[in-house]
Amino acid sequence: MNESHTDDMFDNEPTMPQGPEQRQPNAEPMPETSAVAEDVGLSDLDNALAHWARRHGADKLVARAFALASWAVAQGHTCLDLDRIPTALMSATNQKDLAAALEASTLVGGPGEVRPLIVDQGRLYLQRYHAYETQLAERLRELMAAAPNPVDIDRLKPGHGLFLADAADPDATNWQAVAAFAALRHRFTVISGGPGTGKTYTIVRLLRVLIEAARAESREPPLIALAAPTGKAAARMVESVRNGLDNMAADPAFDNAILDHVPQNARTLHRLLGLGGATTRPRFNADNPLPYDVVIVDEASMVDLPMMAKLADAIRNNARLILLGDRYQLASVESGSVLAEICSNAGVNRFTADQQADAGALIAQPMEPATHVLADHVVTLQTSRRFNADSTIGRLAAAVNAGDVATAQELFTARHDDLHYHDASDAAAISRLMDRLADDYAALVEATDPTLALAELGKQCVLTAVRKGTAGSETINAGITERLARRFDFNPAMAWYHGRPVMIRRNDYRTGLYNGDVGVALCNESGQIRVWFEGDNGLRAFLPSALPAHDTVYAMTIHKSQGSEFDSVTLVLPDYDVPVLTRELFYTGLTRGRARLDIYASQQTLQQTIVRRVTRISGLATRLRS
Ligand SMILES: Nc1ncnc2c1ncn2[C@@H]1O[C@H](COP(=O)(O)OP(=O)(O)OP(=O)(O)O)[C@@H](O)[C@H]1O
């Protein structure tokens, strides 16, 4: 789109558009255009912003800068790097003149000023995103600056009742114990780890220490909140915490009274913060902080910058914020990659000399001290209990994270029980895949019991990088539906049929169905369709007309699968290159599979995918380290 097109768009626009946060309230994020997809086309919103600026006195170049700042946020960046503007969006000649034009404009300010655009250290922000970034960095720095709490190291030592010593190497550092130590010591901690590395295992032990200590000193036990970015992730978090507590309760020294103080539910961050309605200001904020002493957020990699800023703002000064997540996973669909930025700037398990001294014997090997305190607030768990040393999926995940194409290719080409590689994703290969899946999913059309049908759905899923095209989720969903319709003699164009699996696309507090929830449609004895979902207190059935927005879900995009797991995953990448194919996307997809992974992709696509990283432009890291 050229600049004159922006001029064409200049119509009546009474108020300034606020930016991508208001693109479509509660709209389903469009995964394919996030990540690194440097989609060099401006949206209507970007152009409307330029138009608004023009009407408020901006020259053409500054108006263009408004559109680009908005475009950058839609790409997942927090801001626009003024030195890295794609020439497809602004000519090199115009880029040379841009700094002076911004400097001269009354619509553009610097840090501390309230103007629609802010220039800060060579980065151009929509004012609101500059505010989120500075507010988050400031709040995290405040939490990190709090004097460390004393920690009873003996209680955490492996073999002392909470954490186990490694049978093969009893003197090795137990990083779960170290993670608990860091989270007890600080007001802000990130515990990062891949699937099954024991983040929940660590958290339940940490809560036990906090509750036991309060009870021993006759203090009120801490008020704890569990939360996650999506309803689905919140439900999984509760299940893991319950399992973790059950597992710990087997210890004869465990006092069951502790269970009374661990919440039995987890909320979405929207719910926790009281977000909703027309305003973007949550009910709980710096002036009205959350009442909790400990706030634990799971799947924190999915939390975008605005939400993380609001969360950090709402934490009481003397409370603890603990983020759990996987630093290597895809970032949030919306702007920012807060968890990854915090983690990559902290390094992997390197602490300052002070923290090492306080950890004492918990850290077995001496380490080169970190120079920045941020390092003390991040602990990375690296041993997966799900993928043992022999697991090909686990080895592939490690190779992908390291960008080690050679090892990944060795794993693809050798024979394994848990990894099956198909060197193509063209129409013929996808057609064969759909035939196989239609055979598997026939069980759903034949199902009569909703519990068994839902269990069937948890067994496998196809995950795609894109929605459209031969290897897209929409195509695969339609192809499987058609095959089932032929076999069971129903009209594939029919919206509802017995056995149709669906996934909810947005949070709906009225029905209690959340983005990512998966259900199955079954005909009852009177021939009426009811859609069944698992709920906290058993199964729930809905009339199809009562459901919030949903899609058929034999296949879903990898973005949509974040926070879900299946026994078996089939990962399908397109046989042409698209910018969304990144190492983080592939890693996220492959780690959704517990026991079996099938990959459909050419060698060349896989190689490109493993090498390409998500890059998101932001100033958060610089601010956190300043
Ligand atoms: N140190 C340990 N010793 C024995 N079992 C462990 C240990 N750590 C974790 N586990 C077990 O491994 C499994 C996975 O642990 P957990 O659920 O805590 O991992 P997670 O990192 O929270 O996983 P996810 O990312 O899937 O939520 C659980 O069954 C847990 O009991």
Side-chain angles (χ1 to χ4, degrees), residues 20-34 43-45 74 228-236 267-271 275-278 280 299 302-304 306-307 330 332-334 444 450 453-454 457-458 461-469 472-481 492-522 528-536 539-564 580:
E21 244 198 326
Q22 293 196 350
R23 261 161 217 272
Q24 290 166 291
N26 300 322
E28 182 199 7
M30 296 294 289
E32 289 80 350
T33 59
S34 68
S43 69
D44 289 350
L45 180 80
T230 65
K232 173 122 189 163
R236 273 201 64 218
R267 272 171 285 178
T268 62
L269 286 172
H270 270 87
R271 265 272 154 102
L275 264 163
T280 53
E299 299 288 354
M302 293 166 73
V303 183
D304 61 26
M307 184 63 92
L330 273 177
S332 55
V333 175
E334 306 295 346
L444 273 186
L454 287 167
L457 272 181
C461 196
V462 180
L463 305 183
T464 67
V466 292
R467 287 206 306 211
K468 308 277 181 198
S473 53
E474 286 179 6
T475 311
I476 295 173
N477 281 326
I480 295 173
T481 305
M494 216 162 54
W496 290 100
Y497 57 88
H498 185 95
R500 179 189 174 200
V502 290
M503 183 160 82
I504 299 298
R505 235 191 297 155
R506 62 190 55 171
N507 294 337
D508 183 61
Y509 295 102
R510 191 178 47 85
T511 51
L513 291 172
Y514 300 107
N515 188 1
D517 282 355
V518 169
V520 62
L522 298 177
Q528 293 157 326
I529 288 277
R530 293 289 179 271
V531 193
W532 294 83
F533 290 84
E534 264 161 20
D536 279 351
L539 291 181
R540 308 174 67 202
F542 294 86
L543 284 170
S545 58
L547 295 188
H550 53 269
D551 294 312
T552 300
V553 72
Y554 301 109
M556 66 174 93
T557 60
I558 296 169
H559 278 88
K560 278 279 167 196
S561 74
Q562 278 177 281
S564 302
V580 77

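Positions are given from 1, in the same order as the sequence printed here.
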Shortest non-hydrogen contact from T481 toward P492
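So the two residues come closest at CG2-O, 4.0 Å.
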**Item:** Heavy-atom pair with the smallest gap, counting every atom of V580 and A465
**Value:**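 Closest heavy-atom pair between V580 and A465: CG1-O, 4.0 Å.
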Pairing residues for [X] by the side chain to side chain contact (heavy atoms under 4.5 Å, CB included) criterion, not counting sequence neighbours:
X	answer
H550	W496, R500, V502, I504, L547
S564	K232, F566
A234	A228, A266
R530	N524, Q528, W532, A541, L543

Can you list everything that forms a side-chain hydrogen bond (donor to acceptor under 3.5 Å, both in side chains) with [X]? Sequence neighbours excluded, please.
X	answer
D508	T511
Y554	Y497
R267	Y292
T268	Y509

Okay, side chain of [X], backbone of [Y]: is any donor-acceptor separation there less than 3.5 Å?
X	Y	answer
N477	A555	yes
T475	G469	yes
R506	A549	no

*Would you check if E299 and T230 make a side-chain contact, meaning some heavy-atom pair closer than 4.5 Å?*
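A side-chain contact is absent here, since even the closest heavy-atom pair is not under 4.5 Å.
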Q. Heavy-atom distance under 4.5 Å between the side chains of I476 and T464, does that happen here?
A.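 Yes. Closest side-chain heavy atoms under 4.5 Å.
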At what distance, to the nearest 0.5 angstrom, does [atom1] of [X] lie from [atom2] of [Y]?
X	Y	atom1	atom2	result
L522	H498	CG	NE2	4.5 Å
K560	R467	NZ	CZ	8.5 Å
L269	M302	CG	CE	10.0 Å
T557	Q562	OG1	CD	9.0 Å
R271	Y514	CZ	OH	4.5 Å

Evaluation steps, side-chain contact (heavy atoms from CB on, under 4.5 Å), between D517 and M503 = CA-CA 6 Å; D517 282 355; M503 183 160 82; over 6 Å; no
### Query
Checking side chain to side chain contact (heavy atoms under 4.5 Å, CB included) against P501, which of I480, L457, V531 comes through?
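So, applying the side chain to side chain contact (heavy atoms under 4.5 Å, CB included) to P501 and each of I480, L457, V531, only L457 qualifies.
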field: Trace of the side-chain contact (heavy atoms from CB on, under 4.5 Å) decision for D551 with R505
entry: CA-CA 7 Å; D551 294 312; R505 235 191 297 155; 3.2 Å; yes
